[in-house]
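First listed ligand is number 1; within each ligand, the first listed atom is number 1.
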Amino acid sequence: MKILTPTVALERVTDITPELLRQMDIDAILLDVDNTLAPPTDKTPYEGVLRWIDEMKAEGFDIVICSNNFNSRIKPFSDSVGLDCVAMSLKPFPFGFNRAKRKLEEKPKSVVVVGDQIYTDVLGANLAGMKSILLIPQSEEHGFSIKLRRSMEKNVRKKLKIMKRGESYVDK
Ligand SMILES: [Mg+2]
């Protein structure tokens with residue numbers, strides 16, 4: 001269970017504050033895209049996301065986008081929000097995180113993975129010895145593979161009481 005448990009769970013990416021990251025001893029963020037920053041097929045970020053990215057940068061946090069989606073989706077999106085990226089990162093395997101870390105030149109302990117999926121973002125972070133922040137998926141999802149992963153997630157989210165919007169969880 002521990003391997004599937006995030007360090008912190010929040011509703012939206014914009015709920016992450018500089019104060020929280022400092023408490024977690026974080027100075028770099030590896031950011032998921034689909035259902036974290038924007039709807040899976042949409043170029044337009046969710047409300048407040050651009051402002052949040054600017055604020056985090058201004059507060060001194062390094063950010064690299066790290067997504068399992070294709071370069072044709074991730075590169076234009078990352079360019080539009082002004083961030084470096086690693087596409088096809090194969091989360092939960094460590095390859096993409098390692099590529100992103102090379103862009104950051106940070107030690108693993110100072111990096112947090114932020115995303116909406118337990119079996120990619122959280123599991124990957126735990127396998128790589130990184131902290132993680134799990135979010136509630138913000139858009140409706142379609143397709144067999146994501147529905148399968150969500151049904152696998154359901155029990156874990158239930159156990160950690162992070163099923164519903166507004167519920168938050170912090171690993172003590
Ligand atoms: Mg996602």
Side-chain angles (χ1 to χ4, degrees), residues 3-16 21 26 28-50 52-53 56 61 63-101 103-104 111-128 130-158 160 162-169:
I3 200 77
L4 299 175
T5 304
T7 317
V8 173
L10 296 169
E11 186 176 339
R12 296 163 191 268
V13 72
T14 48
D15 294 334
I16 300 170
L21 295 180
I26 294 301
I29 308 166
L30 304 187
L31 257 189
D32 178 50
V33 174
D34 294 326
N35 248 324
T36 292
L37 300 181
T41 51
D42 205 325
K43 291 191 187 87
T44 313
Y46 296 121
E47 164 103 52
V49 163
L50 291 177
W52 177 84
I53 289 171
M56 292 297 131
F61 296 100
I63 310 176
V64 175
I65 280 180
C66 201
S67 166
N68 281 359
N69 210 333
F70 298 104
N71 200 49
S72 54
R73 152 77 170 151
I74 297 308
K75 183 73 169 79
F77 181 87
S78 304
D79 288 347
S80 75
V81 298
L83 293 173
D84 208 346
C85 71
V86 173
M88 294 216 44
S89 64
L90 301 176
K91 293 178 279 186
F93 300 104
F95 316 113
F97 289 155
N98 289 338
R99 276 160 63 202
K101 265 180 350 195
K103 290 176 188 280
L104 289 166
V111 177
V112 68
V113 174
V114 175
D116 65 292
Q117 283 193 55
I118 289 176
Y119 283 89
T120 56
D121 304 304
V122 172
L123 177 59
N126 286 336
L127 290 173
M130 296 173 183
K131 291 175 181 170
S132 58
I133 299 177
L134 177 67
L135 306 173
I136 306 280
Q138 296 297 306
S139 303
E140 264 210 50
E141 297 169 309
H142 309 278
F144 176 74
S145 83
I146 186 64
K147 283 192 172 151
L148 179 68
R149 287 197 299 281
R150 289 301 179 207
S151 76
M152 287 162 65
E153 278 189 4
K154 214 169 163 184
N155 284 338
V156 183
R157 284 185 180 266
K158 215 168 171 176
L160 298 174
I162 46 180
M163 279 289 283
K164 291 184 207 132
R165 290 173 197 281
E167 289 180 326
S168 63
Y169 165 83

K.L.:
Hey, is R150 close enough to D116 for a salt bridge, meaning N to O under 4.0 Å?
P.N.:
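Yes, this pair counts.
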K.L.:
Once side chain to side chain contact (heavy atoms under 4.5 Å, CB included) is applied, do any residues pair with M88, and if so which ones, sequence neighbours excluded?
P.N.:
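Testing M88 for side chain to side chain contact (heavy atoms under 4.5 Å, CB included), a comparison that skips the adjacent residues, returns F70.
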K.L.:
If we only count heavy atoms from C-beta on, is the V33 to I74 side-chain gap below 4.5 Å?
P.N.:
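When only atoms from C-beta onward are counted, I74 and V33 do touch, with a gap below 4.5 Å.
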K.L.:
For the Mg ion (ligand 1), which protein N/O/S atoms are closer than 2.8 Å?
P.N.:
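As for protein N, O or S atoms lying under 2.8 Å from the Mg ion (ligand 1), they are D32 OD2, D34 O, D116 OD1.
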K.L.:
Would you say the side-chain atoms of D32 and S67 include a donor-acceptor pair closer than 3.5 Å?
P.N.:
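No.
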K.L.:
Is E141 paired with K147 through a side-chain N to carboxylate O contact shorter than 4.0 Å?
P.N.:
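E141 and K147: not salt-bridged.
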K.L.:
Is the charged tip of R73 near the ring of F77: under 6.0 Å from the six-membered ring centre and within 45° of its axis?
P.N.:
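Positive - R73 is close enough to the ring of F77 and near enough to its axis.
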